[in-house]
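For reference, the structure is listed below as structure tokens.
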Amino acid sequence: MSGVLGAFDIGLVLVYVGGLLVIGAVVARHIRGFDDYFIASHRMTAPLLICTLVSTYYGLDVLFGGSEVSYQEGVVAWFAYTRPYYLAILIAAFLVAPRLRRFPFRSLPDAMGHFYGDGARAVAAIASFFYALPFMAIMGIGVLLDVVVGIPFPIGVLLGATISLAYTLLGGLPAAAITDTVQFVLMCVTLGVATVLTLDQLGGMEGLEAALPESYFTATGTYPPAVLVVFAATALSVLVEPAFYQRIFAARSTRSIIVALSIGIALWAAFDWIVTVQGMAAAAAGIETEPRYALLTVTLDALPIGLRGLFVAGVLATAMSTIDSYLLIAGGNLAYDLYRPLRSPALTDARLLALTRWMAGVAAGVSILLALYFQTIVSAWIFISSLLTAAVLIPLMAALFSGRPPKRAAGLASSAAGLLTAIAFYVVVTVLGSYDSEWETIIWEVPWRDRLVPIWQEYALLLALPISAAAFAVGQWLGRDDRPGSRMDFATAPMSRSEGGPS
Amino acid sequence: MNVWTLWTWISVGILTIGSILVFAWFLYDIFRIRREILEEERADHSSYE
């Protein structure tokens with residue numbers, strides 16, 4: 001596909017990239033402190049939240065990953081994989097966000113630190129840092145620039161990361177959120193238009209039905225039931241998603257976050273379905289390609305010159321809106337969540353701001369190295385997502401929804417046990433299992449009676465979450481009663497300013 | 001028109017028209033936020049004086 005862009009297309013992409021840098025520079029003039037930079041001083045209103053939430057949470061993993069599944073399996077990509085997320089988002093909007101907004105938190109580890117102390121804060125910060133590293137999106141930009149304009153992969157990776165970092169360093173969350181709005185419109189409109197043109201060439205959805213096997217239109221596809229359960233369980237990660245948390249804390253009001261997430265669900269559902277359709281269109285068109293690139297291939301084939309440039313800008317937007325937000329979160333994890341409370345509690349606001357910018361740069365460097373190293377390992381993201389969910393979900397939800405404060409030992413035990421179990425599970429399955437080329441994952445076949453039971457690498461959460469819950473119960477039973485104000489309604493008690501905020 | 005076609009057209013509508021409407025809402029909002037920020041900065045500036 002090299003050379004598919006004309007001069008006009010390349011011009012459009014360059015205008016888009018230049019515009020991002022200008023926005024970063026303009027917003028930077030109004031950044032006066034850490035709160036401005038990291039949580040936009042609680043100024044984010046519903047439309048800004050919709051744009052930044054939708055575009056941040058949906059990156060190239062969804063675009064290429066969703067179409068990869070539908071290219072191979074059909075509508076199961078939408079029915080089994082994405083729908084549980086909408087339920088989790090509803091829970092986050094109506095139950096979790098209002099409780100979190102009772103406290104002046106600035107990050108996910110802030111919440112863990114408040115409820116369970118510095119040990120649990122450190123575990124959450126480390127898990128959140130690795131989760132937030134946007135190396136998959138950076139890798140996606142490298143692949144995209146290689147495929148459409150022939151820029152070598154390592155240079156594309158460096159370009160994508162550097163441009164995203166530049167405007168994030170300048171303007172922090174406000175710049176990321178404002179650029180997200182442009183990216184949001186670009187990615188939604190170009191994908192919608194591309195789908196209309198693609199379906200027009202293939203005879204509409206009726207054409208897809210005629211060209212594809214019946215199983216492509218079966219809601220459960222051909223996946224084993226246990227894998228469908230795992231797909232649904234991964235949706236729990238929404239409840240501990242660092243980008244969601246940052247935006248919940250940055251919102252102007254609880255109402256604006258509820259409105260944003262409710263409208264966001266409609267947009268996410270539409271986006272997911274269109275991605276699913278494009279993957280199926282590639283299969284119906286008989287396109288022979290690596291499944292991950294099915295959407296890219298079928299769309300670029302369908303679009304005329306001019307619209308191709310817009311579409312490439314839209315795909316870049318999808319990746320960059322993810323990269324900017326997560327670099328900021330990863331930088332905050334190192335500076336605000338780890339260094340400040342553990343090493344320098346008296347850090348001034350100006351130094352915290354400077355340190356967060358430096359640490360966003362460090363996060364970009366680590367992400368570039370991982371993008372260059374893990375060129376083909378998609379499951380790396382599932383691994384990291386599992387680590388965060390295993391470490392944080394049980395103790396944080398227990399703290400938010402219990403009337404009495406849990407003991408610190410319970411939080412630390414639950415967090416550490418969940419994290420270690422998930423890591424141990426991955427190590428054991430990787431060592432004892434083998435790569436299955438049909439499902440593109442590592443599967444360990446365990447003899448049980450007279451048959452072999454397949455244990456997928458992705459099953460880690462099914463073990464880690466119950467163990468995390470059990471460790472929480474043990475910690476609560478045996479731990480020292482060091483809870484502050486244990487007779488009060490803990491979940492409604494705001495923490496002191498000095499506990500959560502920068503000095 | 002079958003259910004797949006209907007849902008696909010609804011999705012295209014939500015993505016294109018919906019995202020443009022949200023963007024228009026954002027533009028309306030951003031000028032208000034900008035005015036607030038400038039007023040705060042002006043207040044800060046005058047308090048230094």
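Everything quoted here is computed from the prediction, not taken from an experiment. Each chain gets a letter, A, B and so on, in the order the sequences are listed, and its residues count up from 1.
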No-hydrogen, no-angle side-chain donor-acceptor test under 3.5 Å, A:Arg308 and A:Thr299: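 No pair is found: no donor N or O on one side chain lies under 3.5 Å from an acceptor on the other.
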
Contact winner vs chain B - A:Ala269, A:Gly204, A:Gly192, heavy-atom pairs under 4.5 Å: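 Most heavy-atom pairs under 4.5 Å with chain B: A:Gly192.
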
Chain B contacts, top residue of A:Val54, A:Leu191, A:Val185 (heavy-atom pairs, under 4.5 Å):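 Greatest number of close heavy-atom pairs with chain B: A:Val185.
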
Checking [X] against chain B: side chain, backbone, both or neither under 4.5 Å from a heavy atom?
{"X": "A:Leu267", "answer": "both"}
{"X": "A:Val75", "answer": "side chain"}
{"X": "A:Leu208", "answer": "neither"}
{"X": "A:Val189", "answer": "both"}
{"X": "A:Trp268", "answer": "neither"}

For chain A, the option from B:Ile30, B:Thr8, B:Leu27, B:Ile10 that forms the most heavy-atom pairs under 4.5 Å: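 Of the candidates given, the most pairs with chain A belong to B:Thr8.
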
Listed partners of B:Asp29 passing side chain to side chain contact (heavy atoms under 4.5 Å, CB included), at least two apart: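 Side chain to side chain contact (heavy atoms under 4.5 Å, CB included) check on B:Asp29 returns A:Thr45, A:Pro47, B:Arg32, B:Ile33.
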
Side chain to side chain contact (heavy atoms under 4.5 Å, CB included) involving A:Ser55 - partner list, sequence neighbours excluded: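 Partners of A:Ser55 under the side chain to side chain contact (heavy atoms under 4.5 Å, CB included) test: A:Asp180, A:Phe184, A:Met187, A:Ser321.
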
Minimum heavy-atom distance A:Val182-B:Phe23, with the two atoms named: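 In terms of heavy atoms, the two residues are closest at N-CE1, 4.3 Å.
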
Exercise: identify the closest heavy-atom pair between A:Leu173 and A:Ala40: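 Reported closest heavy-atom pair: CD2-N, 4.0 Å.
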
Under 3.5 Å donor-acceptor, A:Ser325 side chain and A:Thr322 backbone: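 Absent.
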
Contact class of B:Ile14 relative to chain A, heavy atoms under 4.5 angstrom: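 Both parts, heavy atoms under 4.5 Å.
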
Engaged part of B:Leu21 at the chain A interface, taking heavy atoms whose separation is under 4.5 Å: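 Contact with chain A is absent: no heavy atom of B:Leu21 under 4.5 Å.
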
Check: B:Trp9 ring centre within less than 6.0 Å of B:Trp4 ring centre: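 For B:Trp9 and B:Trp4, the ring centres are not under 6.0 Å apart.
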
